[in-house]
2 protein chains.
Amino acid sequence: MLTIGSLAKKTGTKVQTIRYYEQIKLMPEPGRTEGGQRRYGDAELDRLSFIRHSRQLGFSLDAIRELLDLGDHPNRPCHEADAIARRQLKQVERRIARLEALRMELNRMVHECSGGRTADCRVLEVLRDHSACLTDHEEIEA
Amino acid sequence: MLTIGSLAKKTGTKVQTIRYYEQIKLMPEPGRTEGGQRRYGDAELDRLSFIRHSRQLGFSLDAIRELLDLGDHPNRPCHEADAIARRQLKQVERRIARLEALRMELNRMVHECSGGRTADCRVLEVLRDHSACLTDHEEIEA
DNA sequence: AGTTGAACCTCTAGTGGCTAGAGGATGTAT
DNA sequence: ATACATCCTCTAGCCACTAGAGGTTCAACT
């Protein structure tokens, strides 16, 4: 039986985060001691590890909820889990593409700066005038 | 003189966002009509464009505040603006590196899925077991 | 001058995914 | 019995907005 603190340590989660996951019903309500402290077993450890790892791979808590549901039905076909992962992959790829464009723009900006007065600063100039940019970078989201 | 709506349209900002920027003192309090409606001039248009463009390049509102301050002192040396931009570039590069690792992991996951039952789903298996991963991907932040 | 209706106003609350802190109770080791 | 680390609940805060309620103003048209 694990206290919330040792569960936190084992999974690399903060204590408050575990309580937060319980509050939003991503983690089940665990057993309690007579004094009211939470005690966890292996099932909870596995579930939290799954959640943490999914978070590290960038899945949203909603997506994780779906994935956990799917894991509870071992006989259903797995294309749903597959679809969620593919969706996540697409999103990651979109973000990378967008950040690459930003990287180029920032790089150019920084290298064109000659280090004079702010009045002539290339960095500020580019920020002032979008048309000095090579790429579009419309949406924010990154 | 521009209404808040036309300023919004010209800069690609939402009306509420402009009011929010005013509230956090990123935008100045504009003049008002007798009836109390906001009216904007060219200075505000320029300032908001600068803000929007900086946001598109991923700068935080705090960084933008600094950049705006710097722009107001044309005779100061520009290495501060330069440093802010370099910081931003570094952050973008870190995010790209992290997302690249995620991309590889997700790609592997998705391609190893054979489309059977969820019990044998490679996607769920990888999520369950971090040691099946090639990379570390410790922090979340992405 | 009166009427319509789009755009404006303020204020409050919600989003995601936590994080921090107050103020007090419990559990364990000595 | 005592110390004190860890636990408890509850509230509020973070970033950068976004949405909606409920009411007012502006500009155009008749």
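Chain letters run A, B, ... following the sequence lines, proteins first, then strands; residues in each count from 1.
Distances shown here put every side-chain N or O of A/Y21 at or beyond 4.0 Å from the OP1 or OP2 atom of C/dG17.
The listed nucleotides are D/dC7, C/dC8, D/dA16; the one nearest the side chain of A/I4 is D/dC7. Of all nucleotides listed (D/dC17, D/dA16, C/dC18), D/dA16 comes nearest to the side chain of B/S60. Checked against D/dT18, C/dC18, C/dT26, the side chain of A/T17 finds its nearest nucleotide in C/dC18.
Residue A/Y40 is the one, among B/E34 and A/Y40, whose nearest nucleotide of DNA chain D lies closer to the 5' end (criterion: closest heavy atom). Both A/T3 and B/T3 sit near DNA chain D, but only A/T3 has its closest nucleotide nearer the 5' end. Residue order along DNA chain C, read from the 5' end via each residue's closest nucleotide, puts A/F59 first among A/F59 and A/Q16.
Between B/D82 and B/R86, at least one side-chain N (NZ, or NE/NH1/NH2) sits under 4.0 Å from a carboxylate O, which counts as a salt bridge. The pair B/R103-B/E100 meets the salt-bridge criterion, with a side-chain N (NZ, NE, NH1 or NH2) lying under 4.0 Å from an Asp/Glu carboxylate O.
If you measure from atom CZ of A/R39 to atom P of C/dG27, you get 7 Å, rounded to the nearest angstrom. Taking atom CD on B/Q37 and atom C1' on C/dA7, their separation rounds to 7 Å, with Å as the unit. Rounded to whole Å, atom P of C/dA7 lies 15 Å from atom CG of B/L2.
Closest non-hydrogen pair, A/L68 versus A/R47, comes out as CD1-NH2, 3.6 Å. For A/L127 against B/S54, the heavy-atom pair with the smallest separation is CD2-OG, 3.5 Å.
B/R19 and B/Q23 form no side-chain donor-acceptor contact under 3.5 Å, judged by distance and modelled atom types alone.
Summarising the local packing, CG of B/D42 is surrounded by 12 or fewer heavy atoms from other residues, nucleotides or ligands at distances under 6.0 Å.
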Anything under 3.5 Å between a protein N or O and an N or O of nucleotides 9-12 of chain D, put it in a table, one pair a line.
from, atom 1, to, atom 2, distance (Å)
D/dT9, OP1, A/R32, NH1, 3.3
D/dT9, OP1, A/R32, NH2, 3.2
D/dT9, OP2, A/R38, NH1, 3.0
D/dT9, OP2, A/R38, NH2, 2.9

